[in-house]
Amino acid sequence: MNFVGGGAVAFGTKPAPIASVNSSLIPNQIQTVAPNSSVRGPVNIVSSFPNGWTTLAPMAFSYGPHIQYVVPSGDRPSGGSQITILGYGFGSDTSHISVKIGGQAAEVLNSQPFALLHFPIYTLTVKAPPGGAGSAADLVVSTSTGDFTLPGVFHYWQDVQVFPIAGNFTEILHDSNRNQLYLLDPTARHIQVFSLNTQQFLVPIATGASPRSMVLTPDGSRLAIANVDDNTVWLIDPSNSQNRTVVNVALPNNTAGYQPTILAPTSTGKLFVHYLANNTTGGVLQTLDLRSLALTLRADNPCGGCIIESTADGTKVFFAENGASSGFVSIYDSGTDTFTFTRELQSYLTEFAPGPDGNRWVRNFNLLDATNAIESVTSIPDLIALNSPNAVFGQRVQSGGGLLYLPLVNGLHIYDLPHGRLLRMYGGLSLSTTALHTISLDDSGQYIYAISPTGLQIATLDSVPLSIGHISPTSAAAGGGTTLTVRGSGFTSATQVVVGGATVAAQFVDSNTLRFISPPLPPGNVRVTVKDSSGNQVDLDAALTSN
C-alpha cells in the first residue's frame with residue numbers, strides 16, 4: 001500500500017493532516033498530527049489509500065489516560081496491596097505518571113504494554129495507600145497528557161482482623177444462634193470454637209476419628225460430624241459439647257470400603273449421610289432419623305459420587321454429581337420426601353453453592369434456578385481474569401440469593417447472580433489454599449469469616465452491594481393488592497421498590513427483605529426495581545407475572 005498521490009488518516013472521526021510519508025527507511029512510515037478532539041480516551045486510527053484499501057488500528061491512540069479496569073478494586077484500610085490498573089495512554093515512563101486513591105498518593109511500581117494483545121493496553125502497577133475504613137474512594141491517574149478519574153471505584157474494607165491459631169482447618173461454619181464460629185481440624189480431631197461476642201477462642205470440641213465434614217441442624221440444636229475411619233456420626237449440642245451421641249453408621253456387608261463422607265440435614269429431623277469409597281465409583285445414600293437414630297437406605301439416590309448441601313431451613317437438599325461428565329443435578333424436597341427436577345448438565349463439577357432460600361444455586365459457573373434450569377452463567381472479562389489471583393474452594397451464596405461470594409487466594413470477588421455480573425473485587429486478604437469450605441457469611445453478607453494460613457480471618461465489607469435474589473410469590477393480581485416479598489441484599493429503610501414503573505411503599509423487614517403491596521398492573525411479565533439512597537438501582541426483568 002502506498003500513500004503517495006493521496007490517502008487520508010482519521011483519529012476516530014477526526015481527519016488528521018499527513019505531514020510526511022517516508023518509505024526509504026521504514027516502508028510507508030506516515031507522520032501526522034493528531035487533531036483536536038472533544039472525546040477523551042482511546043480512539044481508532046483509520047488509514048485510507050488511493051487504491052481503495054482501508055486499514056484500521058483499533059484503540060491505537062489515546063487522548064489522555066483512560067482506565068479500563070482496576071484489579072483488585074479494594075483493599076484493607078492499612079493498604080499495601082498491589083493494584084493493577086489496565087487502560088490506555090499511560091506510557092512506559094513512570095516519571096510522568098501519578099496515581100491517587102481517596103486523595104492519597106499510591107506508589108507507582110511500573111507501567112508496561114500488556115503482552116499478546118493487538119490493542120495498546122497498558123498495565124500500570126501501584127501499591128494501594130492507606131484509606132478510610134469502609135470508604136468508597138475515587139481513583140485518579142495523572143499523566144503529562146491529562147487526568148482520568150473513576151469516582152468511588154475503590155472500596156476499603158471496614159475492617160480486617162486476624163486471629164492466629166495453629167491447625168489444619170478444612171471447613172468453617174457460622175452459628176448465628178450462638179454468634180460463634182466452628183473450624184474443623186481433621187488432623188487434631190477437634191473443632192475450634194470462636195466466640196464473636198468475646199473475640200476469643202473457646203474450649204475445642206472433640207470429634208471422632210478422621211472427621212471429614214460438619215453441619216448444623218436447621219434449628220441449631222446439634223452439630224453433626226461425619227467420621228470416616230470409625231464409620232460414626234457424632235451429634236453434639238454446641239451449647240454443651242459434653243452432651244453428645246455417637247451413632248454407628250457403618251454399612252452392612254461393606255466390601256467396597258464405603259465411608260460416611262458428607263452430611264446434609266433436613267427440616268423433618270433427618271440427616272442425609274452420603275458414603276464414598278476411595279477406589280470405587282458411585283456412592284451410597286442413607287438417612288439418619290435424629291430422633292430414633294434409625295438408618296434408612298435410600299434406593300432413590302439421585303447420583304453416585306455427590307456433593308450435597310441443604311438450604312438454611314432444611315426444606316431442600318441439593319445434589320450434584322462430583323467430577324462426572326454426566327453432571328447430574330437434583331433437588332430433594334423435605335416436605336414430600338422426594339427428589340425432583342433431576343437433570344443432566346453434561347459438564348464436570350468441582351464445587352457448588354446453593355442459596356440459603358433455595359431459589360437459586362451455583363454449579364461451577366452455571367447459575368441454576370429452583371427447577372435446575374440454567375438461568376445465566378458467571379463471566380468476567382479476560383483482562384480481569386488474567387490479572388486476578390487464583391480462586392480457592394468455598395464459594396457462598398448470600399442469604400437473599402442475589403450475590404455470590406467467590407474467595408481468592410488474597411481477596412474476594414462478589415457477583416450479581418441473576419445477571420452473572422462481577423460487582424466488586426477486593427484484595428487485602430490471605431486465605432487458605434487447602435480448605436474445602438474456606439469462607440462462611442453472616443446473614444447480611446457484611447461479615448466474611450475465613451480460614452487463613454495462620455488461623456481465622458474476619459473481614460467486614462464497607463457495604464453490601466444492592467441486589468435482588470427473588471420475588472415471592474412470583475405472580476400478582478392484575479388489579480393489585482397482592483402482598484409480595486423481595487429477597488436480596490443491601491436494603492435499608494430508605495430503599496425504594498418500583499413495580500412495572502410504579503413506585504410502591506415498601507416495608508423494611510431486614511437488610512435482605514422488603515415487603516410491599518402490588519399496584520394495578522397490565523397482564524404479563526413485570527420488571528421489579530430496587531433503588532437505594534445513593535442512586536444505585538438493580539432491575540430484575542420478568543420478576544413477576546401479572547394475571
Side-chain angles (χ1 to χ4, degrees), residues 40-41 64-90 97-108 124-143 146-160 380-381 383-384 387-388 398 402-406 408 411-416 419 421-429 444-448 459-468 488-492 494-496 511 529-539:
R40 294 174 60 87
H66 179 86
I67 302 173
Q68 193 77 14
Y69 305 113
V70 181
V71 185
S73 53
D75 199 7
R76 61 177 62 199
S78 59
S81 290
Q82 185 168 295
I83 309 300
T84 299
I85 303 172
L86 297 146
Y88 297 88
F90 299 154
I97 304 173
S98 65
V99 176
K100 288 186 176 181
I101 300 177
Q104 301 298 313
E107 179 184 355
V108 177
L124 173 59
T125 307
V126 305
K127 183 183 290 186
S135 64
D138 297 350
L139 189 149
V140 183
V141 173
S142 300
T143 71
D147 303 333
F148 189 89
T149 301
L150 285 179
V153 71
F154 201 85
H155 294 263
Y156 281 99
W157 294 96
Q158 182 69 39
D159 192 22
V160 176
I380 60 175
L383 284 174
I384 292 180
N387 287 276
S388 294
Q398 188 265 352
L403 301 175
L404 173 70
Y405 289 62
L406 178 67
L408 310 174
L412 182 77
H413 281 180
I414 300 180
Y415 287 83
D416 174 341
H419 305 96
R421 183 169 57 95
L422 181 61
L423 295 177
R424 294 188 192 168
M425 298 174 280
Y426 289 91
L429 303 183
S444 71
Q446 182 95 32
Y447 295 92
I448 293 88
T460 309
L461 289 177
D462 53 309
S463 63
V464 179
L466 190 67
S467 76
I468 300 177
S489 63
F491 301 156
T492 69
T495 303
Q496 293 182 320
S511 61
T529 301
V530 293
K531 299 179 180 180
D532 66 19
S533 57
S534 299
N536 301 308
Q537 75 173 52
V538 176
D539 302 316

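We're numbering straight along the sequence, starting at 1.
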Between [X] and [Y], what is the shortest heavy-atom contact and its length?
X	Y	answer
Pro151	Asp138	CA-OD1, 3.2 Å
Gly428	Asp75	CA-OD1, 3.2 Å
Pro465	Leu403	O-CD1, 3.8 Å
Gln398	Gly402	OE1-N, 4.4 Å
Ala105	Pro129	O-CB, 3.4 Å
Leu86	Leu383	CD1-O, 3.9 Å

* To do: Answer yes or no: is there a donor N or O on one side and an acceptor on the other, between the side chain of Thr492 and the main chain of Ala494, under 3.5 Å?
  => yes
* Do Glu107 side-chain atoms and Val126 backbone N/O form a donor-acceptor pair below 3.5 Å? -> no
Determine whether [X] and [Y] make a side-chain contact, defined as any pair of heavy atoms from C-beta on separated by less than 4.5 Å.
X	Y	value
Gln496	Val530	no
Gln82	Thr125	yes
Leu139	Val70	yes
Ile85	Phe90	yes
Tyr415	Ile380	yes
Ile384	Met425	yes
Arg76	Ser81	no
Ile83	Lys127	no

* How far apart are the C-alpha atoms of Ile414 and Leu404, what are their side-chain angles, what is the distance that settles it, and do they pass the side-chain contact (heavy atoms from CB on, under 4.5 Å) test? -> CA-CA 6 Å; Ile414 300 180; Leu404 173 70; over 6 Å; no
Establish, from distance only, whether the side-chain atoms of [X] and [Y] form a donor-acceptor pair under 3.5 Å.
X	Y	answer
Asp539	Thr529	yes
Ser142	Asp147	yes
Ser467	Ser489	yes

* Should Leu461 and Tyr426 be marked as a side-chain contact (heavy atoms from CB on, under 4.5 Å) after you check the CA-CA gap, both sets of side-chain angles, and the distance that decides it? -> CA-CA 9 Å; Leu461 289 177; Tyr426 289 91; 3.6 Å; yes
* To do: List the steps and the verdict of side-chain contact (heavy atoms from CB on, under 4.5 Å) for Val108 and Leu124.
  => CA-CA 8 Å; Val108 177; Leu124 173 59; 3.8 Å; yes
* Evaluate side-chain contact (heavy atoms from CB on, under 4.5 Å) for Leu408 paired with His413, printing each intermediate quantity in order. => CA-CA 7 Å; Leu408 310 174; His413 281 180; 3.4 Å; yes
* Structure fact -> d(Ile448 CD1, Leu429 CG) to nearest 0.5 Å is 8.0 Å
* Between CG on residue Leu466 and CG on residue Asp532, distance to nearest 0.5 Å -> 5.0 Å
* Taking only residues at least two apart or on different chains, which pairs with a member in residues 149-160 satisfy side-chain hydrogen bond (donor to acceptor under 3.5 Å, both in side chains)? -> His155-Asp462
* Structure fact -> Sequence neighbours excluded, the answer for ring pair (Phe, Tyr, Trp, His ring centres under 6.0 Å) partners of Tyr405 is none
